[in-house]
2 protein chains.
Amino acid sequence: MTDGRTTLNQWADAGRCDLPRDTGTDQALSSTLIRGLEILALYSDSEISLSNSEIARRLGLNRATVSRLCKTLVHMGYLRRDPKGAFRLAPRILSLSYPVLAATRWRHRLVPPMRELAEMSGGNVTLAVMTDDQFVQIQNVGNPTSFPHVPESGVTGPLHRSASGRALLSLLEGQALFDKLAELRQKFPAEFESHAELTAASITRCRTEGFCTSYGDWRANIVAVSTPLGVTDDGLRVALSCGLPRFSAREEYVEKDLGPRMAEAAKAMRLMGPFVPGPAEPGRAAI
Amino acid sequence: MTDGRTTLNQWADAGRCDLPRDTGTDQALSSTLIRGLEILALYSDSEISLSNSEIARRLGLNRATVSRLCKTLVHMGYLRRDPKGAFRLAPRILSLSYPVLAATRWRHRLVPPMRELAEMSGGNVTLAVMTDDQFVQIQNVGNPTSFPHVPESGVTGPLHRSASGRALLSLLEGQALFDKLAELRQKFPAEFESHAELTAASITRCRTEGFCTSYGDWRANIVAVSTPLGVTDDGLRVALSCGLPRFSAREEYVEKDLGPRMAEAAKAMRLMGPFVPGPAEPGRAAI
DNA sequence: CATTTCGTTTCATATATCGTAATGCTTGTC
DNA sequence: GACAAGCATTACGATATATGAAACGAAATG
């Protein structure tokens, strides 16, 4: 039996990593559009308002260029100006997300069991889907005031360094998993290496026991339990997770009680969503 | 006493409309960025998947141009490809919205009273904010399966042709209201005219009675009651609304019971949010 | 009041973007 | 199974367009 770190690297070795090694400016991509989107992506819960020069500095752009791009974004209604003249995200940006929310209407059917889990555990229960090298939360249930961060749709996190991410990885089959791991290893070499052991163990555990756990791997003060739900008919990989403040999460409770309960709940929830029948259930073959 | 239509036009006449009459392509705006964002904005709950040529047709662009823009959007993670090769919005688009949701964390405090209203009325209760010429819903409470459309954050609608919109307009003061009306009249001349009577009456009613109603003005089968909540410390105008399927909304109930209840609830909710003390309360001067 | 910082605009230049046309792929039909 | 038709993508030259330097006005800072 090899250790998890070796295993994960072997898996990643088996993946083709066709990232085109980022040859400076890719001729086939529209750089102006990229820059505009990068401006929108600069914002976060701790970065509410950004000045022209701040944006220019962060993205390494000329101030004049930023001025024009921001003017365009304001014109489109996705940015607005605050009293000081700096730029903020405008509420209209929500309208871009709406189609995704509408297309995942099945979330609503999963809310009651999610609420049960949230009340039972006192934590925050989320649905997350995989997008490229991240997970994105699409549904949150729980008491949102009790957490240091703001749990909402749109929260993103790393695939290889969080319970949600690892549960999502466990939904990948064979070559698809190898490819994804190869991609992650190339993009985040150091992180991949330092978390390889936990990631390998979590993927395996999701497949045998139906859940995995994480103690502050992503957010230092959050303990998380996550379980793979399945793949929807339009190809979204979905995981169910529960986050608890570290101080209120005894390890034995998490491992022996909450984890198995989550796996059990997931079993029922798989029948409530549009998940394609497949090898998503725990207890299946190793890879 | 003049009629409402005349009144609204007089108000609009008093507004400066500094829209630069759209002189073809504005040199100061980045057309590539605009086109890319227009692609993302094409999606809706009824347009889940769009092919390259479909996008090109709708936006009047060359197919080769669309191919490149979409490739860029896929590269950024905001679009993904479905099995047929067409483009869909990727879940990552949600991450752009997250900062707006996080910045309006006060919504959570308003959810309990919203839930009460939803259960009492059997309808769907929403918070909406103004952005340019639209409202955007930022919070939904109710039973989402009972409606023909999908109530979610990100739903947008017209300011001058919906209860939410009119309640938001009623939050504008003096010249700001005139300017907004002038803008709306220029952008939607026919609609503005045909709904002028109702819009004027609703704005006035919001200010005297604290709520307004709409019978299918926006969505044909939805009756809505809306009440202005106020302006937040960072300048967002917020309205509280309740939508009911038309068949279950007796006019007398809506006007004599639900409306006043909403206005009453709003009074309490104004103390729970970050609303700046100002002339948002009903009973204030005419304009 | 002087000085610095910042945001916007102007303008010439370089180049990134566009559209045509050709290629290659998939789909549908006989 | 072969052919045809439609569609998406790529290549490439022409051109419109985005860029960055510099200048300007405004606002904050000393």
Side-chain angles (χ1 to χ4, degrees), chain A residues 18-43 47-76 78-90 234-235, chain B residues 18-40 42-43 47-76 78-90 235:
Chain A
D18 49 0
L19 289 185
R21 197 155 296 283
D22 201 14
T23 66
T25 61
D26 190 332
Q27 289 285 359
L29 262 41
S30 177
S31 60
T32 304
L33 178 53
I34 291 178
R35 288 169 174 176
L37 293 170
E38 280 175 341
I39 291 177
L40 295 177
L42 277 181
Y43 291 87
E47 300 286 349
I48 306 257
S49 179
L50 293 169
S51 68
N52 186 318
S53 53
E54 179 72 7
I55 295 170
R57 195 181 58 74
R58 298 234 197 150
L59 297 180
L61 297 176
N62 190 293
R63 293 214 314 275
T65 301
V66 173
S67 185
R68 187 140 91 120
L69 292 174
C70 285
K71 178 185 283 192
T72 304
L73 291 168
V74 169
H75 176 82
M76 301 289 289
Y78 298 124
L79 285 184
R80 65 192 175 101
R81 313 202 67 136
D82 68 12
K84 292 172 201 147
F87 298 98
R88 296 187 182 206
L89 276 184
D234 72 340
Chain B
D18 49 0
L19 290 185
R21 196 157 294 283
D22 201 14
T23 66
T25 62
D26 191 332
Q27 290 284 0
L29 263 42
S30 176
S31 59
T32 304
L33 178 53
I34 291 178
R35 288 168 174 174
L37 292 170
E38 280 175 341
I39 291 176
L40 296 177
L42 277 181
Y43 292 86
E47 301 286 349
I48 306 254
S49 179
L50 293 168
S51 69
N52 187 319
S53 53
E54 180 72 7
I55 295 170
R57 195 182 58 73
R58 299 234 197 150
L59 297 180
L61 297 175
N62 191 292
R63 295 217 308 276
T65 302
V66 173
S67 186
R68 187 138 90 118
L69 291 174
C70 285
K71 178 184 281 191
T72 304
L73 290 168
V74 169
H75 175 82
M76 301 290 288
Y78 298 124
L79 286 184
R80 64 192 177 101
R81 313 204 65 137
D82 68 13
K84 291 170 199 149
F87 298 98
R88 297 188 183 206
L89 276 183

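Everything numeric here is computed off the predicted structure, so don't read it as measured data. Sequence lines set the chain letters: A, B, ... in the order given, protein chains first and strands last, and positions in each chain run from 1.
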For the atom pair [atom1] ([X]) and [atom2] ([Y]), what is the distance rounded to the nearest 0.5 Å?
| X | Y | atom1 | atom2 | answer |
| --- | --- | --- | --- | --- |
| A:Y78 | B:L33 | OH | CG | 10.0 Å |
| A:L37 | B:L73 | CG | CG | 6.0 Å |
| A:Y43 | A:I48 | OH | CD1 | 10.0 Å |

Round to the nearest Å and state the distance from [X] atom [atom1] to [N] atom [atom2].
| X | N | atom1 | atom2 | value |
| --- | --- | --- | --- | --- |
| B:L61 | D:dT9 | CG | P | 15 Å |
| A:L29 | C:dT17 | CG | P | 9 Å |
| B:L69 | D:dT10 | CG | P | 14 Å |
| B:L33 | C:dA16 | CG | P | 17 Å |
| B:L50 | D:dC7 | CG | C1' | 15 Å |
| B:R35 | C:dC18 | CZ | C1' | 8 Å |
| A:I34 | D:dA18 | CD1 | P | 15 Å |
| B:L59 | C:dT17 | CG | P | 17 Å |

Residues in side-chain hydrogen bond (donor to acceptor under 3.5 Å, both in side chains) with [X], at least two apart?
| X | result |
| --- | --- |
| A:E38 | none |
| A:S49 | A:D82 |
| B:R58 | B:E47, B:E54 |
| A:N62 | none |

- Relative to the 5' end of DNA chain C, which residue comes earlier, B:K84 or B:S31, by the nucleotide with the nearest heavy atom? B:S31
- Task: Decide yes or no for B:F87 and B:R80: does some side-chain heavy atom of the first lie under 4.5 Å from some side-chain heavy atom of the second?
- Result: no
- May I ask you to test the B:L61-B:I55 pair for a side-chain heavy-atom distance under 4.5 Å? no
- Global bending angle along the helix from C:dC1-D:dG30 to C:dC30-D:dG1, which compares the axes of five pairs at either end, to 10 degrees: 50°
- Note on the structure: Its contact letters, B for base, S for sugar-phosphate only and - for none at protein heavy atoms under 4.0 Å, make nucleotides 6-13 of chain C read SBBB----
- Message: OP1 or OP2 of D:dA18 versus the side-chain N and O atoms of A:T65: is any pair under 4.0 Å?
- Response: no
- Does A:T32 place a side-chain N or O at less than 4.0 Å from the phosphate oxygens OP1/OP2 of C:dT17? yes
